[in-house]
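Atom set for the values below is all heavy atoms of this structure, side chains included, hydrogens, waters and symmetry mates excluded. Each ligand, and each atom within it, is numbered from 1 in the order the structure gives.
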Amino acid sequence: MKTIINGIQLAYTDEGQGTPLVFLHAFPLSQVMWRPQMHALVNSYRIITVDLRGHGESDAQLWNFTINDYADDIISLLDHLNIAQAVFIGLSMGGYLLFSLYKNFPDRVKALVLADTRAQADSQEGKDGRQAMAQLAHKEGASAIADVMLPKLLAPFTIHQCPEIVDQVRAMILQTPTEGIIVDLMAMAARPDSTDLLSKITCPTLVIVGENDVATPVAESHYIAERIADSTLVTIPEAGHLSNFEQPAAFNEALRNFLTTHRL
Ligand code: MLT
């Protein structure tokens, strides 16, 4: 489905009935990464996935949007769908959106799932890396970005044993317009630090991380979970950064347990 949100056409899916679960994808991917969760949970919950602006089948614009703009899109989409409150699941960049969303719209959040993400802002070195990657995207396009990102997104186990997962992730990256990649990189480099927010998060929170995540290592998730009062940390074996896609059964079990334990 598609609708115009804040002047940009966004593609989304809305399937199933029950508590709304809203899934926010990573950089530089699309809502396709949540298919394993959609299939596993759609009989019990209302599942909403969305291609963020500049991704998948949503429109791309070249402008200095911020992570807050991306999060505002999600709130406007929920308004469009008449959803007052939801459980939000965000992986990596999706997690950055959740910090913005919780800070600005806490009443819309029933519970949070922060997967393979970090609360800190970028270091200067991190920002420089974003700038270099934006130049690469500008000069050589999404396939050069795929070459750089695949070893960061996927564990060595996945890369060597699961070629179909590698192919699907590469296809998602290739579908991302160059404008979308560049805007993401600028938005992530400019995002604020969210560490002070962590102790203010009062909703039930699940923190998930792949044990071999090199992009946001396990220590980042410990840092988050230690500061959120009502949180649980689950580590997913044989998964890298894209833990939900690499080990969907373990990820879905952690998610289901969380939802059931908190009667969500
Ligand atoms: C992501 O997976 O969304 C990215 O690794 C986030 C980042 O580059 O900080």
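Going from atom CG of Asp193 over to atom CZ of Arg118 covers 11.0 Å, rounded to the nearest 0.5 Å. Rounding to the nearest 0.5 Å gives a distance of 4.0 Å between CG of Asn244 and CE of Met33.
With ligand atoms numbered from 1 in the order given, ligand 1 contributes 1 (C), 2 (O), 3 (O) to contacts under 4.0 Å with heavy atoms of Ala26. Per-residue contacts place Met93 under 4.0 angstrom from the following atoms of ligand 1 (heavy atoms of the residue considered): 1 (C), 3 (O).
Cation-pi geometry between Arg227 and Tyr223 is satisfied (NZ or CZ under 6.0 Å from the ring centre, within 45° of the ring normal).
Only the side chain of His241 comes within 4.0 Å of ligand 1, counting heavy atoms alone; its backbone N, CA, C and O stay farther away. Looking at Arg130 against ligand 1, only its side chain comes within 4.0 Å, counting heavy atoms. Counting heavy atoms closer than 4.0 Å to ligand 1, residue Met188 contributes side-chain atoms (C-beta onward) but none from N, CA, C or O.
Closest to atom 4 (C) of ligand 1 among all protein heavy atoms lies Ser92 OG, 3.2 Å. Among protein heavy atoms, the minimum distance from atom 9 (O) of ligand 1 is reached at Tyr96 OH, 2.5 Å.
Considering only heavy atoms from C-beta on, Gln61 comes within 4.5 Å of Ile8 through its side chain.
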CA sep, side-chain torsions, deciding dist, call: Arg170, Asp147, salt bridge (Lys or Arg N to Asp or Glu O under 4.0 Å): CA-CA 8 Å; Arg170 183 182 288 279; Asp147 292 340; 3.1 Å; yes
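Using cut-offs of 30° and 60° on the angle between ring planes, the pair Phe251 and Trp34 is tilted.
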